[in-house]
Amino acid sequence: MKDLFPMVPRVAYEGPASDKELAFKYYDPEAVSGGPGGKTQKEALRFSVAFWHSMTGTGLDPFGSGTMQRPWDGISDPMEIARLRMRALFELTEKLSIPFFCFHDRDIAPEGESLRESNRKLDEIVAFTKELMASSPTRLLWGTANLFYNPRYAHGAATSPEPKVFAYAAAQAKKALEVTKELGGENFVFWGGREGYETLLNTDMKREQEDLARFLHMAVDYAKEIGFKGQFLIEPKPKEPTKHQYDSDAAACFGFLEEYDLLPHFKLNIETNHATLAGHTMQHELRYAREHGILGSVDANQGDELLGWDTDQFPTNLYGSTLAMYEILKNGGLHSGGLNFDAKVRRASFKPQDLAAAHVAGMDCMARGYAAAGRMIADGKIDKLLAERYKGWSEGLGASIAAGKETFASLEAYALDLKDIELESGRQEYLESLVNRYL
Ligand code: XUL
Ligand code: CO
């Protein structure tokens, strides 16, 4: 088949000294070096292209039209465009040694007049995708249903006050689950873009959350019925497009999953820019998820500290990627999850080369962070200092409190005449400079 991106070469690892834009300086797909675990970097990092940003996105923003130069420019048949986009996806993943991709149902095939017609178009593109997969190493990391774009979802999908919308969303998610299974997807994501509210004056919050939980239980039941073995993931985000989204951060998701008996079935897909919008660091969100056993996958991107919205930039911040990879390594990796570049090139980066360069930049940043986090863990200084900080809890009084042997009264008896409790320093500046040494 003719190349759709002839200007994008097969990208190879050339090492940190390389000056080439389209060469890997740190990501060495087949190399086992770079982090602990005996896996190749490709196996450990499990990179993925987000179909919606990289293939469907046009560069459109509220102030201007699309800018992207793509091989389907000037073509008017939406199904022909859909096939070209899918071919382009496989070309990009293969040239860049990216093992996975992710999609929403409506990214890969156009929506029809009815759900029946949309399903028919989707089936056609899924069959075409399967053909491409037969001769390609590219696999599906996750699929999802777009339950936010169409005007019918203006008040929410699973949380809409209109039951007909709930039914439509359920039918759409059912189909998305079927095609994800058909394409061998390893996970299935729910991002509640419209599952929230603009004002509580018109919102029955309790009812909406119950409806959302019911919807997710239906998904779990249907997966069982059709034998879909992939991992279900919820993607936290606090706001945008709604003012308040129910899945606002990892802790809110954990509480929700626990309350509605969904914890055995769901983990989280944590996105860097969503963490920032929630007022957390990515490390905080990953730490919370990992310590609660629900770290499933990552949407690897970054925001802009000066902008308060979801800019979805490719990750190039080494400090952030290192601390994220530190949590991921402590989680024993991402298992069936991966590092999905839920990121878009800037509107002014409109050439196909920019799309390749952006992925190269993101992969190099994450691979370098992976190596740095590996050094951090292997060196063990941070783990040792952390253990020392809490050592009081494994001896004497601390051990007794931790074992549940003490009460307010017994502690009062202990504390009444205590004087001069000696504290250790938190040593934050030293720890931060220690991290810089691993970078
Ligand atoms: C939106 C977002 C979505 C999800 C999938 O902010 O991150 O693209 O990743 O629906
Ligand atoms: Co995302």
Side-chain angles (χ1 to χ4, degrees), residues 13 15-16 24-29 31-48 98 250 268-276 278-291 295-305 311-335 337-343 358-387 389 426-439:
Y13 171 74
F24 294 119
K25 287 85 183 169
Y26 298 95
Y27 178 53
D28 189 359
V32 176
S33 60
K39 288 181 184 159
T40 64
Q41 291 188 19
K42 196 172 178 173
E43 290 164 342
L45 295 163
R46 295 171 65 82
F47 289 129
S48 159
I98 300 180
L268 303 186
N269 180 38
I270 311 252
E271 177 165 329
T272 320
N273 207 161
H274 297 181
T276 322
H280 303 307
T281 60
M282 180 59 164
Q283 191 187 12
H284 168 99
E285 287 293 83
L286 292 170
R287 174 75 62 94
Y288 187 93
R290 134 171 118 74
E291 290 187 335
L295 174 49
S297 199
V298 165
D299 272 2
N301 62 10
Q302 70 186 30
D304 184 310
E305 280 171 23
T311 57
D312 281 336
Q313 290 165 233
F314 277 83
T316 51
N317 178 329
L318 179 57
Y319 197 78
S321 75
T322 300
L323 295 179
M325 289 312 302
Y326 175 80
E327 297 302 326
I328 291 168
L329 285 172
K330 289 271 178 186
N331 193 56
L334 287 169
H335 311 288
L339 297 175
N340 173 48
F341 292 112
D342 191 352
H359 282 89
V360 168
M363 286 188 276
D364 266 345
C365 177
M366 297 313 294
R368 203 173 162 189
Y370 170 61
R375 287 193 288 275
M376 233 163 115
I377 292 172
D379 191 31
K381 279 202 184 71
I382 290 189
D383 280 335
K384 195 163 157 259
L385 287 167
L386 192 75
R389 190 160 189 242
R427 302 173 78 184
Q428 181 172 336
E429 297 77 5
Y430 166 65
L431 287 162
E432 285 170 352
S433 77
L434 200 52
V435 173
N436 286 346
R437 278 168 54 192
Y438 302 115
L439 297 185

(request) Begin from the C-alpha positions of Val298 and Met282 and carry the test side-chain contact (heavy atoms from CB on, under 4.5 Å) through to its verdict. (result) CA-CA 10 Å; Val298 165; Met282 180 59 164; 3.8 Å; yes
Quick one: does any side-chain atom of Ser297 pair with a main-chain N or O of Gly338 as donor and acceptor, under 3.5 Å? yes
* Asked: For Asp312 and Asn301, does a side-chain donor sit closer than 3.5 Å to a side-chain acceptor?
  -> yes
Of all heavy-atom pairs linking Leu318 and Gly369, the shortest is CD1-N, 3.8 Å
Between Glu285 and Ala250, is there a donor-acceptor pair closer than 3.5 Å when you use the side chain of the first and the backbone of the second? yes
Interatomic distance, CD1@Ile382 vs CG@Leu431, rounded to 0.5 Å, equals 6.0 Å
Value for OG1 (Thr311) from CG (Asp304), rounded to nearest 0.5 Å, stands at 6.0 Å
Side chains of Lys330 and Leu286: does their closest heavy-atom pair fall under 4.5 Å?
no
Heavy-atom closest pair (Ala358 atom, Phe314 atom, distance to 0.1 Å) is O-CD2, 3.3 Å
Note to self: Are the side chains of Arg437 and Leu434 in contact, using a 4.5 Å heavy-atom criterion?
What the structure shows: yes
| Are any non-hydrogen side-chain atoms of Tyr288 and Leu295 less than 4.5 angstrom apart? | no
Donor-acceptor check, side chain of Thr276 to backbone of Gly303, threshold 3.5 angstrom: yes or no?
no
Correct closest heavy-atom pair for Cys365 and Ser321 would be O-OG, 3.0 Å
Which is it for Leu339 and Ile328 under the side-chain contact (heavy atoms from CB on, under 4.5 Å) test, yes or no, and what are the steps along the way? CA-CA 10 Å; Leu339 297 175; Ile328 291 168; 4.0 Å; yes
Cut-off 3.5 Å, side chains only: do Gln302 and Gln313 have a donor facing an acceptor?
no
Rounding to 0.5 Å, atoms CZ (Arg290) and CD (Gln283) come to a distance of 8.5 Å
Exercise for review: Ignoring hydrogens and angles, tell me if any N or O in the side chain of Arg375 forms a donor-acceptor pair with the backbone of Tyr438 under 3.5 Å.
Suggested key: yes
> Relative to the ring of Phe24, is the ring of Tyr27 parallel (under 30°), tilted (30 to 60°) or perpendicular (over 60°)?
Replying inline: perpendicular
Between Asp28 and Tyr13, is there a donor-acceptor pair closer than 3.5 Å when you use the side chain of the first and the backbone of the second?
no
Tightest non-hydrogen contact, residues Thr322 and Met376, listed as CG2-SD, 4.1 Å
Between Tyr370 and Met325 the two heavy atoms that sit nearest each other are N-CG, 3.6 Å
Of all heavy-atom pairs linking Thr316 and Ala361, the shortest is CG2-CB, 4.1 Å
Please determine whether side-chain contact (heavy atoms from CB on, under 4.5 Å) holds for the pair Arg287 and Thr281, giving the CA-CA distance in whole Å, both sets of side-chain angles, and the decisive distance to 0.1 Å. CA-CA 10 Å; Arg287 174 75 62 94; Thr281 60; over 6 Å; no
Next item on the list: Find out whether Asn269 and His274 are in side-chain contact, i.e. whether some heavy atom of one side chain is under 4.5 Å from a heavy atom of the other.
Entry: no
### Query
Should the pair Phe341 and His359 be assigned to parallel (<30°), tilted (30 to 60°) or perpendicular (>60°) ring geometry?
perpendicular
Would a distance-only check, ignoring hydrogens and angles, find a side-chain to backbone donor-acceptor pair under 3.5 Å from Arg46 to Gly337? yes
**Request:** Test Val435 against Tyr326 for side-chain contact (heavy atoms from CB on, under 4.5 Å), laying out the working first.
**Result:** CA-CA 11 Å; Val435 173; Tyr326 175 80; over 6 Å; no
